[in-house]
Asks: 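Below: one structure in structure tokens.
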Amino acid sequence: MIRFGLPVLVLTLAVPLLAACGRSAPSPSSAPVTLAIVNARVWTGDPERPSAEAVAVAGDRIVAVGSSDEIRGLVSASTVARPTDLVDAGGQFLVPGFIDSHVHFLDGGQRLASVQLRDAKTRDQFVARIAAFAKTVPAGTWITGGDWDHQLWGGELPRREWIDAVTPDHPVWVNRLDGHMALANSAALRATGVTRAAQNVSGGEIVRDAGGDLTGLLKDNAMDLVAAKMPPPTAEMQDRALDAAMRYVAEQGVTSVHHMGTWDELEVLARAHKAGRLRTRIYAAVPLNTWQRLADTVKARTYGPEGRGDAWLRIGALKGFVDGSLGSHTAAFAEPFTDAPEDRGFFVNTPEDLYTWINGADTAGLQVAVHAIGDRANSTLLDIFERVTNANGLRDRRFRVEHAQHLTAEDVLRFRNLHIIPSMQPYHAIDDGRWAEQVIGPERAKLTYAFRALLDADVSVAFGSDWFVAPPTPIEGIYAAVTRRTLDDKRPDGWVPEQKITVEDALMAYTMGGAFASFEESQKGVIAPGMLADLAMIDKDLRAIPAAEIRTAKVTRTFVGGETMYRRE
Ligand SMILES: [Zn+2]
């Protein structure tokens, strides 16, 4: 049977009624079908109607889900000035548009046009790519981004001497792919006034050689010695980065992102929204320690009548940090690293500061999302969330732990008991899985990216990529969560295979899981009448192919608000 929110005859009324519970009801005018997709294998994500063949859209909303015949009938019955765009999917797979719950959108966009070091496999390649890129930009231009991975050439950390000779006139500031350490060349250190006399920074590390000289590598908070003094990108560069980012994620079937960013970046997004340029829906988080400014901004109603934006650009979330990353040995663990017995990582903020900020934000009714990687970081953060919940009483606050990478069994249960959302990045599991056991040993690895354990505990999980840190490609993310095959293919049966999940579990985390994590589950995340018409079409039914082939599937078309934002040629 065709599923309508209300009977067919009152279809034109169905949209406003169904949307009335949401934040932005569509216009109450009649709703002719503007787009119909038929002959698809639809995974709706809606437990009341898990599968279908066809979808009808009016304007930016889904109005009907049913069989191809039913939806075709609806199109011909629709007396419209504007003809319906009828799309025959040819049996392809149709899912709710992917929601990437953790991106650094503008950084990602900028990197699309910068030096590419992610797959530099040797020191020579690393140097050669920087040298080649330097030739393409005028002297004096900063070379940033890169996303190198020293594990690919055996683990030796890069030094400024590697690249000084090929970049005498370009300040270089290229980061490891996790963003938790970066290499400055000598020109960059000179330009920012960082010398051998530089004082240690709490929550960070200045890497020195045996003689005490700077190697050019800075970790976590120490990265600000260079980053804070770099010339900021121009408005034009930021606009271009945003456009590139939106184009790129649309190619991956992503229709919404949760952007972990800054106030300056929020301005870039607001400018694009005002100009009608947004093609991706964005939930924009700002730094946790600026919670008061966000509370004031919401109150001032700068962003719409409710103060929190609309279906394209929403605010109301804050993003903070407990610790660093595993790959940089800056994640905070209860026990020392297996390969560095003196070291158990560190916090980049004190628990007291975190409590003060989180409590302030929570009191102001804002959502809090905090980065925690190591088991000690996660436990400490859950303690703080628990304390704030007890202090401020029960409400639908949806605290989020970003990454939730290494957990104890007790903490898995605390996610459920405290209704906390783990916002996780499955691609990291098959990336870090190549070397993580050298760093933490096999025992702690058992609850690393513990997707299965969290779902079994009835926790609502949101998936994302952490782009620029990893590619913003949900299909690869689903492949990662389902197979856990490390990128080097050395673990064909999966790294920590007991934490594998099904394709549908992973789809859910990339759709409804993300919608729930931004309080938008009444607007998106499933294919059902009344929902925003955000859809991704994929050439293969991910449920029906061998798991190892999932990553070969291609997004062929992406719709946001009923509009085609990407179409594969
Ligand atoms: Zn991140």
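In listed order, ligands and their atoms are each counted from 1. Numbering of residues begins at 1 and proceeds along the displayed sequence.
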Asks: Is the NZ or CZ atom of Arg344 positioned over Phe337's six-membered ring, under 6.0 angstrom from the centre and within 45° of the axis?
Replies: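 Because its charged atom misses either the 6.0 Å distance or the 45° angle limit, Arg344 does not stack over Phe337.
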Asks: Less than 6.0 angstrom separating the ring centers of His102 and His403, yes or no?
Replies: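 Between His102 and His403, the centre distance is under 6.0 Å.
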Asks: Val322 pairs by side-chain contact (heavy atoms from CB on, under 4.5 Å) with which of Val401, Asn349, Thr350, Leu354?
Replies: Leu354
Asks: Using a cut-off of 2.8 Å, find all protein N, O or S atoms closer to the Zn ion (ligand 1) than that distance.
Replies: His102 NE2, His104 NE2, Asp466 OD1
Asks: When you look at Arg395 and Asp362, which way does the salt bridge (charged side-chain N to carboxylate O under 4.0 Å, His left out) test go after all the steps?
Replies: CA-CA 10 Å; Arg395 78 176 174 89; Asp362 187 65; 2.8 Å; yes
Asks: For His258 and Arg400, which I'm curious about, is there any donor-acceptor pair between the side chains at under 3.5 Å?
Replies: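 Yes, side-chain donor-acceptor contact under 3.5 Å.
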Asks: Exactly one of Asp431, Asp149, Asp220, Asp147 should register a salt bridge (Lys or Arg N to Asp or Glu O under 4.0 Å) with Arg176. Which one does?
Replies: Asp149
